[in-house]
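Below is one structure; the comments refer to it alone.
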Amino acid sequence: MTVLLKAQDVTKKYALGRKKVVHAVSDVSLTVSRGETLALVGESGCGKSTLGRMLVGLSAPSSGHIFFDDKEITGLSERAMRPWRPRMQMIFQDSYASFNPRRSVGGSLSEPLKIHRHKNIQERLEEITRLVGISYADLGRYPSAFSGGQRQRLNIARALVLKPELLVADEPVAALDVSIQAQIINLFRELQSSLGLASVFISHDLSVVRQMADRIAVMYLGRIIEEGESLSLIATPLHPYTRALLAAVPQLNRPLGAPLKGDIPSPVHPPSGCAFHTRCPVAQPRCALERPLLQDYGLEGRRVACHYPQSEVRKL
Ligand SMILES: Nc1ncnc2c1ncn2[C@@H]1O[C@H](COP(=O)(O)OP(=O)(O)OP(=O)(O)O)[C@@H](O)[C@H]1O
C-alpha cells in the first residue's frame with residue numbers, strides 16, 4: 001500500500017501563561033496508507049484532537065514533520081497550503097460546526113465547489129447526497145430542520161464534496177444516540193470501501209473503533225504507547241494501558257486487565273520515565289526512571305512502548 005500521510009516526531013506544546021507548558025503531543029510518528037483507516041484512541045486530553053488538526057495542516061507542530069503524498073506540508077503558509085486543502089478534510093463531533101444556521105444546507109455544501117470553480121455543481125450535489133443518504137430535495141432546508149444524525153451525514157457530505165484523499169474524523173459519532181451511531185459507522189464503512197478513502201478516526205471508544213479501523217494507535221499523555229492491526233491489538237494487547245482501556249469495554253468479554261483507576265496526570269507536568277507508571281499495575285522501579293521507546297515487537301507490525309509488555313494471549 002502507498003503511504004499517503006506520514007508524521008515524523010511531531011510535537012505540540014502550548015504555553016500556559018509565562019512559565020507553564022502543556023505537552024499536548026510529544027514525538028508522534030505514524031503513517032496512513034491510501035485507503036487505510038487508522039484510529040487514534042485514548043482518554044480525554046491525551047492529545048488526539050491536537051494531533052488530528054496537525055495532520056491536516058489546521059495547526060502547526062512545535063517541531064517535527066508532516067508529509068502528504070511525499071511532500072512536506074509542515075509550516076506552509078496559508079497561501080502555500082491552499083492547493084493541499086481540498087485533498088485533506090476534517091470533520092468534528094459537533095454536527096452544527098460546518099453549517100451556517102442562516103443558510104440552506106445546499107448553499108453551504110456548494111460553497112467549496114464554487115470556491116474551487118467546480119464545473120457541474122448540481123451534478124456533484126446530487127452525487128454526494130445520494131452517497132451519504134440525504135435527499136437532494138431537502139437541500140433547500142436549514143441546518144436546524146435536520147436531526148443530529150442527518151446533520152452528521154451532511155457534515156460528511158461537506159467534507160467529501162471535493163473528493164479528498166484523506167479524512168480526519170474527530171469523535172464523529174460521540175454526540176449521537178447509540179442507534180444513530182451505528183448508522184453513521186456503517187456509512188463510514190461504506191464510504192471507505194466505495195471511495196478508497198484514507199482516514200484517521202479519532203475516538204475515546206474502542207467498541208466504535210474496532211468496527212472500522214484497520215489499525216489502532218493508542219495514545220497516553222501525548223504519546224503513542226501501542227500501535228497495531230486492530231484485531232490483533234484487541235486480541236493481544238501488550239501495553240498495560242491498552243489492556244486497561246479494553247477492560248472498560250463491556251462488549252469485549254474476558255478482559256485481561258483491570259479498568260483504570262485514578263486520574264490522568266497533568267500534561268503540564270508529565271510523570272518521569274514512562275508517563276503511565278503512576279497508574280500502571282505492573283510498574284517496576286525502572287519505569288519511573290527510563291522512558292520506553294515505541295519499538296517493533298515482532299507481532300504483525302505491532303509497536304509498543306513498555307519495558308514489560310504483557311504477552312499473555314486473550315482467549316475470546
Ligand atoms: N489551545 C490550547 N491551549 C492550551 N492547551 C490546549 C489547547 N488545546 C488543547 N490543549 C491541551 O492539550 C491537551 C490535549 O488536548 P486534546 O484536545 O488534543 O486532547 P483529546 O485527546 O482530543 O481530548 P478530548 O477528547 O477531550 O478533546 C489537553 O491537556 C488540553 O487541555
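Whatever order the structure lists ligands and atoms in, that order sets their numbers, starting from 1. Computed from a predicted structure; not experimentally measured.
- Near Ala24, the atoms of ligand 1 lying under 4.0 angstrom from a non-hydrogen atom of the residue are 12 (O), 13 (C).
- Considering backbone and side-chain N/O atoms, Leu16 never comes within less than 3.5 Å of an N/O atom of ligand 1.
- At least one heavy atom of Gly47 lies less than 4.0 angstrom from ligand 1.
- Looking only at heavy atoms of the protein, atom 25 (O) of ligand 1 is closest to Lys48 NZ, 3.5 Å.
- In terms of protein heavy-atom proximity, atom 17 (O) of ligand 1 is nearest to Ser49 CB, 3.8 Å.
- Considering Met219, Arg215, Arg302 as possible partners of Glu227, the one that fulfils the side chain to side chain contact (heavy atoms under 4.5 Å, CB included) test is Arg215.
- Here is the list of ligand 1 atoms found below 4.0 Å of a heavy atom in Pro267: 29 (O).
- Within a 6.0 Å sphere centred on CG of Leu289, other residues, nucleotides and ligands contribute more than 12 heavy atoms.
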Table please: side-chain donor-acceptor pairs of residues 48-57 below 3.5 Å, with sequence neighbours left out.
from, atom 1, to, atom 2, distance (Å)
Lys48, NZ, Gly42, O, 3.0
Lys48, NZ, Glu43, O, 3.2
Ser49, OG, Asp170, OD2, 2.8

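- Looking from atom 13 (C) of ligand 1 to the surrounding protein, the closest heavy atom is Gly45 O, 3.7 Å.
- Heavy atoms from other residues, nucleotides or ligands lying under 6.0 Å from NZ of Lys12 number more than 12.
- More than 12 heavy atoms of other residues, nucleotides or ligands sit less than 6.0 Å from atom CG of Asn120.
- For atom 26 (O) of ligand 1, the closest non-hydrogen atom of the protein is Ser44 OG, 2.5 Å.
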*Please lay out, stage by stage, how Val161 and Arg124 fare under the test side chain to side chain contact (heavy atoms under 4.5 Å, CB included).*
CA-CA 7 Å; Val161 76; Arg124 182 65 187 140; 4.0 Å; yes
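- Both the backbone and the side chain of Thr50 come within contact range of ligand 1, each with a heavy atom under 4.0 Å.
- For Glu127 and Arg130, the salt-bridge test fails: no basic side-chain N is under 4.0 Å from an acidic carboxylate O.
- Nearest protein neighbour of atom 11 (C) of ligand 1, counting heavy atoms only, is Val22 CG1, 3.8 Å.
- Within the structure, the closest approach of Glu43 to ligand 1 falls below 4.0 Å when heavy atoms are considered.
- In the displayed structure, Arg279 atom CZ is contacted under 6.0 Å by more than 12 heavy atoms of other residues, nucleotides or ligands.
- Proximity of atom 30 (C) of ligand 1 to the protein is not indicated, since no non-hydrogen protein atom lies closer than 4.0 angstrom.
- Of all protein heavy atoms, the one lying nearest to atom 6 (C) of ligand 1 is Tyr14 CD1, 3.3 Å.
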*Would you sort out whether Leu5 and Thr31 count as a side chain to side chain contact (heavy atoms under 4.5 Å, CB included), showing the intermediate values?*
CA-CA 6 Å; Leu5 177 76; Thr31 58; over 6 Å; no
